[in-house]
Every structure is written in structure tokens, then in C-alpha cells.
Q: 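Structure in C-alpha cells, see below.
Note that these values count all heavy atoms, side chains included, but never hydrogens, waters or copies made by symmetry. Counting starts at 1 for both ligands and their atoms, following the listed order.
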Amino acid sequence: MALDLHDPFTGLRFGRLLLTGAAGGLGRVLRPRLKAWCDTLRLSDVADLGAASEGEELRPAALEDGAAVDALLDGVDAVVHLGGVSVEGPFEPILQANIVGVYHLYEAARRHGVRRIVFASSNHVTGFYRQDEVITPQDPVRPDGYYGISKAFGENLSRFYFDRYGIETACLRIGSSFPVPKDRRMLATWLSFDDLERLVLACLTAPVVGHSIVFGMSANRTVWWDNTSARHLGYVPQDSSEPFRADTETAQPRLDLRDPAVVYQGGGFVTKGPFEQGDG
Ligand code: 15L
């Protein structure tokens, strides 16, 4: 049974949820939607968060600032962690925000007794698999850059915090969550905003999450990712990229199969770099 987003009795209501990366692309999408599921939504980012609506708490913080992150987790029931660098680029900013930052988050969760985190990982953890392969969350990682490596680090770190301290994490290997698919690759990787919300809510409300990895995609016809092992989360996508296929294929009629961005699942990320030391 699909999660009915508008049924107030479907899941748990939280006292206080923390959303990091709340000023980013997907943070702005989830901000009003998560509010329906908690009394207080604590929002954090390094970028401007605008004005607080009723029931919102604004807490600007840099993830590399351990003390600030510690304060963020105080009094929180669960976390949706979208914060950090979200694209491929030079190593240093990714190291600080994504690697040091996710360590700060889990240490703070441990200290404050937070029991569940939804971690925005990425399909770029496995970006160097080919587009003619169907993979599972259990296949070895094949990151397509520093960004993907940092997300693989977050997945491993969260596994350790589950094994050692019992903090549950659902790692969402998000595909391409945009209003519509932007190119042919996204016919496979697309995750609608409504399905993103369904996925996050499923991970927040599933009775048992343990440490789970799930690919964040809608019910697309072209499939590279097999989510069978994550069915316990109860995520049932309702949307599909199919209605956008004709327009997408018309806009991009030819594919150059010698282009690594066409061959590999990570698309354009696989050809980014090299970056010089000090870049960024
Ligand atoms: C990601 O992880 C990025 O955050 C997003 O901007 C997209 O580029 C997406 O992957 C994708 O693979 O399409």
C-alpha cells in the first residue's frame, strides 16, 4: 500500500525534525512538506533561509563547525540531512562540508541521543557502473568523483554509527530530482518531488530502518537500480518519467556512444575534473 501523504494517521508525528541543507534545491522542496509531519521544523544551511514561518526554527550553521552542528541536534527527534556540497568539484570544499560535516552530524546525534537520520546520498556513489547494467544497493561502490566518494564515506560512517551506537540511517542514493527530466539519462534517474517526499516520509516512519540503502527514483520504465532489498522501507513511487519521454528524446535525438557521459550511469559527472590543488 502506498503511503498516503494526506492521511494524517499514516505515520508518526514528530516533535522536532531537523532539515539540513534547507536552502538548497531539494531543501526548498521539502521545507513546506515536512512541516506537516512535525510540531517544529528546525532548518539549517549556510545560505540564506529567508523568514521563519509558524512552527519553523532557523539555525544557520556550517557543517564544518562542530560546535554549531552539535547545537543543531539538541532536542531533535530525527534528521533529514541534505546539507553539504551537492555536485562534483574540487576536493577541499567537499572534504569540509561532506566528510568532516557528516562526521560532526553523527557525533552530535550520538551525544544528543537522536535515533534516526535520513541521509541524502547520491547515485554518484555508483556512477561508474554502465547504463547497460542493473545494480543493487549491495553492489560495490564505484564513485564517479570526489562528491560520490564523500557520499560513500557518509554511507560507511552511518553504517558504523548504526553498528556501534544503534543510530538508524536510511541512505537515499538520490537520482535526479528536478521538476522534469532534463535529458535522456534522467528518464532512468528521475525522482519527482512528490516521490522524493514519499521516500523521505517512508524512511522517517518505517518501524524498522536499521541501516538501509535505497536508490531514489520514481517508477520509471528504464531501470538501472533494483530496490528490492529496500522494500521494508515501504517506499512505493507513484510517478514516472514516461510522460516526458517523447519531448526528451526529441530534444536530444542522438547519443554519442563514445561519450563516457552517455555510457556511465553518473552521466556528466564522470568526466568532471581534474581539479588543481587550491581550486574551489
Ligand atoms: C546529484 O547528486 C546532484 O546533487 C544533482 O544536482 C544531479 O546532478 C544528480 O545528482 C544527477 O545525477 O542527475
Q: How are the rings of Tyr106 and Tyr161 set to each other: parallel, tilted or perpendicular (split at 30° and 60°)?
A: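 Ring orientation of Tyr106 relative to Tyr161: tilted.
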Q: For the residue pair Tyr165 and Phe160, does the interplanar ring angle fall in the parallel (under 30°), tilted (30 to 60°) or perpendicular (over 60°) class?
A: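 Ring orientation, 0 to 90° scale: perpendicular.
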Q: Which atoms of ligand 1 have any heavy atom of Phe269 under 4.0 Å away?
A: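 Going through ligand 1 atom by atom, the ones under 4.0 Å from Phe269 are 8 (O).
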Q: Answer side chain, backbone, both or neither: which part of Asn123 comes under 4.0 Å from ligand 1, heavy atoms only.
A: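 The answer is the side chain of Asn123.
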Q: What is the nearest protein non-hydrogen atom to atom 9 (C) of ligand 1, stated with its residue, atom name and distance?
A: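 Here the closest protein heavy atom is Gly175 O, 3.3 Å.
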Q: Are side-chain N/O atoms of Asp65 and His104 paired as donor and acceptor at under 3.5 Å?
A: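 Not at all, the side chains of Asp65 and His104 share no donor-acceptor pair under 3.5 Å.
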Q: Looking only at atom types and distance, does a side-chain atom of Arg28 sit under 3.5 Å from a main-chain N or O of Ala23, one as donor and one as acceptor?
A: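 Checked: pair present.
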Q: In terms of relative ring orientation, are Phe244 and Trp190 parallel, tilted or perpendicular, with 30° and 60° separating the classes?
A: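 Rings of Phe244 and Trp190: perpendicular, as their planes differ by over 60°.
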Q: Any atoms of ligand 1 less than 4.0 Å from a non-hydrogen atom of Ser176? List them with their elements.
A: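 Listed by number with element: 11 (C), 12 (O), 13 (O).
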Q: Name the closest protein heavy atom to atom 6 (O) of ligand 1, giving the residue it belongs to and the distance to 0.1 Å.
A: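 For atom 6 (O) of ligand 1, the nearest protein heavy atom comes out as Phe178 CZ, 3.9 Å.
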Q: Could you tell me whether a side-chain N or O of Arg184 sits under 3.5 Å from a main-chain N or O of Gln252, the two making a donor and an acceptor?
A: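 Yes.
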Q: Enumerate the atoms of ligand 1 whose separation from the nearest heavy atom of Ser122 is less than 4.0 angstrom.
A: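 It comes down to these atoms of ligand 1: 1 (C), 2 (O).
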Q: Do the rings of Tyr147 and Phe269 sit parallel, tilted or perpendicular, given the 30° and 60° boundaries?
A: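 The arrangement is tilted - the two ring planes meet at 30° to 60°.
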Q: Any N or O on His124 sitting closer than 3.5 Å to an N or O of ligand 1?
A: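 The answer is yes, given that His124 and ligand 1 share an N or O pair closer than 3.5 Å.
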Q: If we set the cut-off at 4.0 Å for heavy atoms, which region of Ser86 has an atom near ligand 1: side chain, backbone, both, or neither?
A: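 Ser86 to ligand 1: contacts from backbone and side chain alike.
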Q: With a 4.0 Å cut-off on heavy atoms, does Arg185 reach ligand 1?
A: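 The answer is yes: ligand 1 sits under 4.0 Å from a heavy atom of Arg185.
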